[in-house]
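Both ligands and their constituent atoms are indexed starting at 1 by order of listing. Bear in mind that the values here come from a model prediction, so they are computed numbers and not experimental data.
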Amino acid sequence: MQPLSARRLTRLRVDADAPDPRAVARAAAVLRRGGLVALPTETVYGLGANAEDADAVRRIFAAKGRPADNPLIVHLAAAEQLPRVCPMITSLARSLAERFWPGPLTIVLDAAPDLPAVTTGGLTTVAVRVPDHPVARAVIEAAGVPVAAPSANRSGRPSPTTADHVAADLSEHLDVLLDAGPTGLGLESTVVDARGTEPRIYREGAVTREDLGVSAVLVTPDAPSPGTRYRHYAPACPIEIVAPAELEERARVLAGQGMRAGAVAPARTPIDGALSIISFADVDELARGLYGAFRDAEDAHVDVLLCSAVPETGVGRAIMDRLRRAAAVQAME
Ligand code: TXA
Ligand code: MG
């Protein structure tokens, strides 16, 4: 490893579907040496390090400013590697992996005892997934090690859905940034505990409750899933969740008070008096654009960001969860 002071970020543009093998090999070599690689997944960009190298994983926590007891997701190239990090694979885990991997489902199981405690946040369990992105899988496969990767944002910032978002937050900490363009889903994976016989959802995400089946039990995630305890995105501008039919009126009231409002609103709903940050045709488009909208609203220096509420079904649940967290942070301050 080079000393930190000698580090310079190498940013490589790669084809999302057919990444250049030289770029993949370079990123994999950096991972094997204990360096940090930001890489695209189908959900958001991840900040990757060798999950079995405690020093490398410590660099992730330092780069993000992340509390040490908030564990990381370990990414594998294929489900066959699961025994390397989880000694006991339940039949529930096996069937979830068969149905949803590669894909945006993170499965919590008992952790192999030799996984560094820094990776698991000191828990006896570990969260694992096989991402559905050719770049992520190629890099993990070439590295030949499980890759710990939280979202590649500074703690308290929105998850990054473009390489520019990653660079804005972390450029001085990275060895390699693989830029494969915007991520496809835009919201993080769903985290489920699969140690029992029914999946328990710790974090709503891109795999919906409907996908998992009605039996999926939602737990109050605080105790078992440390990440949900921490401050989430703390926006520079207040966020208000507004029913779509009331957006127009709310924007008018704010304008009357001399406030500049931004709007995240359904398409074909022009809102007089608010700056359109994004307009979305459906919830999938909103999921893809939401985190970028948070960053754009800050850059545009709006006083308030009005966000249209969406029905709480399918991916709408994860969207409303993230909106509430973003809105609640300032309500507490
Ligand atoms: O889509 C994603 O999941 C992205 C991409 C990069 O894969 N990753 C991601 O990682 O969102 P991160 O670190 O930002 O969120 C991981 C979440 C946190 O809420 C963490 O507390 C939870 O997963 N988690 C990790 N290990 C856990 C465990 N053993 N038990 C319960 N929750 C766990
Ligand atoms: Mg995160």
For ligand 1, which is the ligand I care about here, please tell me if Lys64 has any N or O atom under 3.5 Å from one of the ligand's N or O atoms.
no

Could Arg252 and Glu249 be called an ion pair, given the rule that one side-chain N must be under 4.0 Å from one carboxylate O?
yes

Of the listed options (Ile107, Thr119, Thr125, Val192), which comes nearest to atom 29 (N) of ligand 1 when hydrogens are ignored and any heavy atom counts?
Thr125

Quick look: Ala149 vs ligand 1, heavy-atom contacts under 4.0 Å, and the answer is backbone

Any atoms of ligand 1 less than 4.0 Å from a non-hydrogen atom of His75? List them with their elements.
5 (C), 6 (C), 7 (O)

Any Lys/Arg nitrogen of Asp303 or Arg260 sitting under 4.0 Å from an Asp/Glu carboxylate oxygen of the other?
no

Check each atom of ligand 1 against the heavy atoms of Asn70 and keep those under 4.0 Å away; list them by number with element.
18 (C), 20 (C), 21 (O)

Does the shortest distance from the Mg ion (ligand 2) to an N/O/S atom of Ser155 fall below 2.8 Å?
no

May I ask you to list the atoms of ligand 1 that are less than 4.0 angstrom from any heavy atom of Ile73?
3 (O), 8 (N), 9 (C), 10 (O), 16 (C)

Those atoms of ligand 1 less than 4.0 Å from some heavy atom in Thr43:
1 (O), 2 (C), 4 (C), 5 (C)

N-O pairing of Glu188 and Arg129 below 4.0 Å
no

Hey, does Tyr202 come in under 3.5 Å of ligand 1, counting only N/O atoms on both sides?
no

Do the charged groups of Asp164 and Arg11 touch, with an N to O distance under 4.0 Å?
yes

Under 3.5 Å: N/O of Glu188 near N/O of ligand 1
no

Is the number of heavy atoms from other residues, nucleotides or ligands under 6.0 Å of Glu312 CD greater than 12?
yes

His133 contact mode with ligand 1 (heavy-atom cut-off under 4.0 Å):
neither

Any N or O on Arg203 sitting closer than 3.5 Å to an N or O of ligand 1?
yes

Does Arg26 CZ have over 12 foreign heavy atoms under 6.0 Å away?
no

Atoms of ligand 1 under 4.0 Å from any heavy atom of Leu123, numbered from 1 in the order shown, are 28 (C), 29 (N)

Look at the side-chain heavy atoms of Ile, Leu, Val, Met, Phe, Trp and Tyr, link any pair under 4.5 Å apart, and say whether Ile277 and Ile241 land in one connected group.
yes

State whether the side chain of Ser95 and the backbone N or O of Leu92 hold a donor-acceptor pair below 3.5 Å, judged by distance alone.
yes

Who gets closest to atom 9 (C) of ligand 1 by heavy atom: Ala38, Ser159, Ser151?
Ser151

Count I, L, V, M, F, W, Y as connected when their side-chain heavy atoms are under 4.5 Å apart, and connections chain through other members. Are Leu254 and Val264 then in the same cluster?
no

